[in-house]
Q: 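Here you go, one structure.
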Amino acid sequence: MKYSIFSLARAALSGHKNWQPTWRDATPKDRYDVVIIGGGGHGLATAWFLASEYGIRNVAVLEKGWIGSGNAGRNTTIIRSNYGLPGNTGFYELSMKLWERMEQDLNYNSMVSQRGVINLYHSDAQRDAYARRGNTMRINGIDAELLDLAAVKKMIPFLNYDNARFPVQGGLLQRRGGTARHDAVVWGYAHAASGLGVDIIQNCEVTGFIRDANGKVTGVETSRGRIGAGKVGMAVAGSSSRVAAMAGLRLPIESHVLQAFVSEAIKPLIPGVMTFGAGHFYVSQSDKGGLVFGGDIDGYNSYAQRGNMPVMEDVCEGGMALMPMIGRVRLLRQWGGIMDMSMDGSPIIDKTPVDGLYLNAGWCYGGFKATPGSGFVFAHLLARDTPHEEAARFRLDRFRAGAMIDEKGQGAQPNLH
Amino acid sequence: MRIVCPFCGERELGEFTYLGDAKPVRPTAGASEDEVFDYVYLRDNIAGVMSENWYHGGGCRAWLKVTRNTLTHEISAVEPAAGAGAAKVGA
């Protein structure tokens with residue numbers, strides 16, 4: 001169905017009793033041209049772009065649970081393109097441009113809100129680093145403004161400006177950054193892809209790969225039977241190592257838990273997204289009024305989808321250092337998502353050494369903002385068998401080749417990124 | 001999650017630092033490029049019971065080998081790791 005002002009009015013006037021399901025819950029066919037494993041944002045976006053940009057519509061998206069049950073519902077909804085390294089700069093800006101036209105493309109309200117992202121700095125060295133990053137962004141046609149202390153005080157007057165250890169000196173602002181409604185992103189892609197004929201198959205867990213005599217992947221074994229495929233794309237962040245292992249692959253990835261937090265709803269306070277550069281704390285306010293915030297990963301391998309107390313304490317301390325007045329706000333919810341932490345903190349979008357199997361993985365804790373861009377370039381790879389120019393550096397063998405993309409300059413250990 | 005240090009007793013997680021999978025063994029000086037690449041970058045990334053290195057920096061500063069389930073965070077064994085920590089108990 002297509003949404004419009006008239007369809008909304010019609011549904012409202014009939015007491016909201018006649019809404020149709022927004023996508024078809026399909027049963028698997030015997031064979032597809034492309035099978036995408038993983039019905040999260042990246043998998044669904046890939047299917048949508050395969051159908052809409054590349055004309056490949058005989059596509060299935062296999063989701064082991066239900067749409068929105070994984071990391072799509074476990075993130076902090078931030079979108080931005082403030083990256084400084086070649087490979088990242090262009091890719092995240094491509095993604096940002098796709099966010100800006102997503103609602104028109106999908107005919108779905110994903111509540112993209114460009115309310116601004118500001119990274120605060122607290123030392124001269126950090127100011128210089130942010131100035132450099134901002135300059136890199138502007139050279140590449142991306143908006144960035146370096147704000148001094150007076151400008152930050154005018155924009156966010158309620159911060160603690162008397163912090164002797166980590167005084168706020170200014171910030172790097174990207175006005176086009178902001179937030180989007182995470183559930184609506186997956187629902188929107190599912191809605192639009194389904195409308196173009198893509199089969200979205202829920203409760204369908206992949207249990208193995210079907211290979212021919214030459215080792216080429218020709219399909220998948222699933223909890224709902226065998227499904228043949230011309231090509232198979234993996235977009236299963238958090239479980240990439242487990243699925244790749246079924247094809248005999250070991251990846252440069254560790255799975256780690258990242259916690260996020262939501263407070264009770266309060267009146268509008270935080271204008272956009274703010275990050276506390278001295279610790280690792282970031283916060284925005286949802287349209288319902290809850291403060292949505294987070295910090296570091298817990299720092300050890302985990303598939304448990306729940307975190308532990310030390311990081312919870314650290315995140316709350318970061319928030320208190322920046323805004324002491326939130327100490328009286330109650331924490332409403334906390335959850336953990338499982339991240340593919342790659343060895344350099346950057347994603348991997350590439351063919352694998354196994355013929356017919358393609359990999360989209362290693363998003364660390366930056367996967368949400370990448371959703372449309374990731375789908376676009378992964379669809380390009382699946383359709384054309386060559387990497388999209390904005391994802392050409394996200395190679396699987398870049399560690400062996402020494403072509404790492406280490407945005408934080410932290411070295412080859414996942415729990416540092 | 002709390003870890004029972006064999007030297008200090010049960011302590012909270014914040015005292016410890018994680019050093020990753022205990023399985024990879026540092027290649028010898030004559031190792032091939034592939035062996036070094038495997039050791040530095042590739043991981044089994046086990047979903048289940050895993051043997052890990054932890055450092056008790058906020059306590060006795062011993063290196064520990066912790067056997068832990070990555071699906072549940074349940075710890076089934078903690079022993080001194082080979083080297084300095086093990087030497088303390090003559091292991």
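Heavy atoms only: backbone and side chains are in, while hydrogens, waters and symmetry mates are out.
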Q: I'd like to know which of B:Glu12, B:Met50, B:Glu33 tops the heavy-atom pair count under 4.5 Å against chain A.
A: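 Looking at each option in turn, the highest pair count goes to B:Met50.
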Q: Given side-chain contact (heavy atoms from CB on, under 4.5 Å), test B:Val40 with A:Met343 step by step and report yes or no.
A: CA-CA 9 Å; B:Val40 177; A:Met343 292 294 174; over 6 Å; no
Q: Can you tell me if B:Asn45 uses its side chain to pair, donor with acceptor, with the backbone of A:Ser241 under 3.5 Å?
A: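 No, B:Asn45 side chain to A:Ser241 backbone: no donor-acceptor pair under 3.5 Å.
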Q: Please check if any side-chain donor atom of A:Asn301 sits under 3.5 Å from a side-chain acceptor atom of B:Thr70, or the reverse.
A: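 There is no such pair (donor and acceptor under 3.5 Å, judged by atom type) between the side chains of A:Asn301 and B:Thr70.
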Q: Heavy-atom distance under 4.5 Å to chain A: side chain of B:Asn69, backbone, both or neither?
A: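 Neither part.
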Q: Working to the nearest 0.5 Å, report the span between CG of A:Asp298 and NE2 of B:His73.
A: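 So the CG of A:Asp298 and the NE2 of B:His73 are separated by 7.0 Å.
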Q: Ignoring hydrogens, what is the shortest heavy-atom contact between B:Met1 and A:Asn308? Give both atom names and the distance.
A: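 Minimum heavy-atom contact is N-OD1, 2.6 Å.
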Q: For each of B:Thr72, B:Val36, B:Asp44, tally heavy-atom pairs with chain A at distances under 4.5 Å, and name the one with the top tally.
A: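 Going by pairs under 4.5 Å, I would pick B:Asp44.
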Q: If you compare all heavy atoms of B:Leu71 against all heavy atoms of A:Arg242, which two are closest, and at what distance to 0.1 Å?
A: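 That would be CD2-NH1, 4.3 Å.
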Q: Locate the shortest heavy-atom distance separating A:Met404 from B:Tyr41; write the atom from each residue and the value.
A: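 Looks like CE-OH, 3.3 Å.
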Q: For A:Pro310, which atoms come within 4.5 Å of any heavy atom of chain B: side chain, backbone, both, or neither?
A: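 Only the side chain of A:Pro310 comes within 4.5 Å of chain B.
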Q: For A:Leu251, is it the side chain, the backbone, both or neither that has a heavy atom under 4.5 Å from a heavy atom of chain B?
A: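 A:Leu251 touches chain B through backbone heavy atoms alone.
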